[in-house]
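So that the names make sense, note that chain A is the first sequence line, chain B the second, and so on, each numbered from 1. Any value given below was found using the heavy atoms of this structure, including those in side chains, with hydrogens, waters and symmetry copies removed.
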Number of protein chains: 2
Amino acid sequence: MTNKPDVRALLRRAGLRPTRQRIALGDLLFATGDWHVTAETLHEQAIIRSIPVSLATVYNTLHQFTEAGLLKEVVVDGSKTYFDTNTTSHHHFYLEDQRAIMDIPAGQVSIQGMPEVPEGMEIARVDVVVRLRAVRTN
Amino acid sequence: MTNKPDVRALLRRAGLRPTRQRIALGDLLFATGDWHVTAETLHEQAIIRSIPVSLATVYNTLHQFTEAGLLKEVVVDGSKTYFDTNTTSHHHFYLEDQRAIMDIPAGQVSIQGMPEVPEGMEIARVDVVVRLRAVRTN
DNA sequence: ATTTGTGCAAATCGTTTGCATCTGA
DNA sequence: TCAGATGCAAACGATTTGCACAAAT
């Protein structure tokens with residue numbers, strides 16, 4: 001799973017110019033298998049590895065990658081935006097205490113009894129978030 | 001469904017002092033049956049009805065009500081926080097275009113195959129969001 | 001009289017934007 | 001060359017906070 005994909009090719013295919021920072025961020029993102037990042041964590045990681053990128057560019061890049069289908073946006077927390085390098089259909093655990101996301105293996109959870117969708121509307125996507133907390137030992 | 005509950009009593013039971021603005025906001029919130037509000041919309045409504053409340057107090061109140069179990073927080077959108085006056089277990093449609101929330105009648109949707117929960121963790125809550133968009137007539 | 005809540009304005013946080021400067025094709 | 005990317009700093013929108021004042025018990 002850690003065989004590095006050809007980020008340059010990914011970008012070209014997505015119609016994105018393979019620039020220094022996009023390649024560098026792509027390497028970071030896709031070399032590590034499944035990963036849930038925020039703009040901040042990615043920026044941090046980039047800086048740590050001496051990849052000079054501005055936070056603004058990290059935001060731009062994350063959104064461009066998402067539009068291109070290379071990332072998936074996950075909404076769990078309201079205050080921060082998380083991006084998931086796993087773009088296949090799957091759901092999430094959210095560890096409320098650690099504010100961390102974990103994938104739920106695909107196919108484990110399924111929905112039953114999908115309700116009537118209002119006229120003229122279609123389902124864009126179904127998200128399931130299982131919120132976890134430490135067992136309270138009262 | 002529109003028989004006004006005794007907000008004063010609700011507040012007392014919740015250990016919240018029944019102040020002018022809490023009562024007024026409670027009346028607004030609970031008189032109208034199921035409702036999905038943001039701090040802004042509630043504040044707006046209050047002002048329209050000549051209830052003098054500051055936005056800060058609306059935020060405080062919404063959070064206190066939530067802690068007290070009178071409201072439920074719904075996370076669908078990342079940028080705004082929605083509160084649901086329906087505190088029973090149920091799931092949501094999210095109309096992406098209108099940025100609006102609708103309840104999915106309880107019991108219609110159910111989850112199958114709940115996955116192993118990591119050691120020492122318990123499920124606090126399971127949220128299902130069915131994202132809808134207008135049918136694209138391409 | 002005490003305690004708790006409220007309003008305001010300033011502060012904070014995550015995110016976006018405008019614009020001058022670079023860079024890849 | 002030159003459209004498209006980047007960096008910076010300023011702008012932004014939602015939410016929170018500090019503190020003086022007001023209202024419940």
Can you say whether the rings of B/F83 and B/H63 are parallel (under 30°), tilted (30 to 60°) or perpendicular (over 60°)?
perpendicular
Between the side chains of A/Y94 and A/D77, is a donor N or O closer than 3.5 angstrom to an acceptor N or O?
yes
Does the side chain of A/R131 come within less than 4.5 Å of A/V129's, by heavy atoms?
yes
Counting only heavy atoms and a strict 4.0 angstrom limit, can you tell me which residues of residues 49-58 of chain A come near DNA chain C?
A/L55, A/A56
Along DNA chain D (nearest heavy atom to each residue), the more 5'-positioned of A/R20 and B/T19:
A/R20
Short side-chain N/O contact to C/dT16 OP1/OP2 from A/H63, under 4.0 Å
yes
Just the endpoints, please: which first and last nucleotides of DNA chain D, 5' to 3', lie under 4.0 Å from a heavy atom of chain B?
D/dA14 to D/dT25
Flag yes if more than 12 heavy atoms outside B/E67 fall under 6.0 Å of its CD atom; otherwise flag no.
no
Check every strand shown and say whether A/T38 touches a base, only sugar-phosphate, or nothing at a heavy-atom separation below 4.0 Å.
nothing
Rounded off to whole Å, could you give me the CD1-to-C1' distance for the A/I23 and C/dG24 pair?
10 Å
Between B/Y59 (OH) and C/dA10 (C1'), how many Å, whole number?
16 Å
Short side-chain donor-acceptor distance under 3.5 Å, A/D103 and A/H92
yes
Between A/E40 and B/L16, just flag the one whose closest nucleotide in DNA chain C comes earlier from the 5' side.
B/L16
Find the distance A/D77:CG to C/dC13:P and express it as a whole number of Å.
15 Å
Spacing of B/K80 atom NZ relative to C/dC13 atom C1', expressed in whole Å
17 Å
Between A/H90 and A/D84, do the side chains contain a donor N or O and an acceptor N or O under 3.5 Å apart?
yes
Under 4.0 angstrom, heavy atoms only, what part of the nucleic acid is A/H43 near: base, sugar-phosphate, or nothing?
nothing
Quick one: B/N60 CG to C/dT6 P, roughly how many Å, whole number?
7 Å
Let me know the distance between CZ of A/R12 and C1' of C/dA25, rounded to the nearest Å.
9 Å
Can you measure A/Q21 atom CD to C/dT23 atom P for me and round it to whole angstrom units?
9 Å
Atom CD1 of B/I47 and atom C1' of C/dC8: how far apart are they, to the nearest Å?
13 Å
Taking every non-hydrogen atom, the tightest pair across A/M121 and B/L95
SD-CD2, 4.1 Å
Heavy atoms of B/L11 and B/P18 approach each other most closely as CD1-CA, 3.7 Å
Is the number of heavy atoms from other residues, nucleotides or ligands under 6.0 Å of B/R8 CZ greater than 12?
no
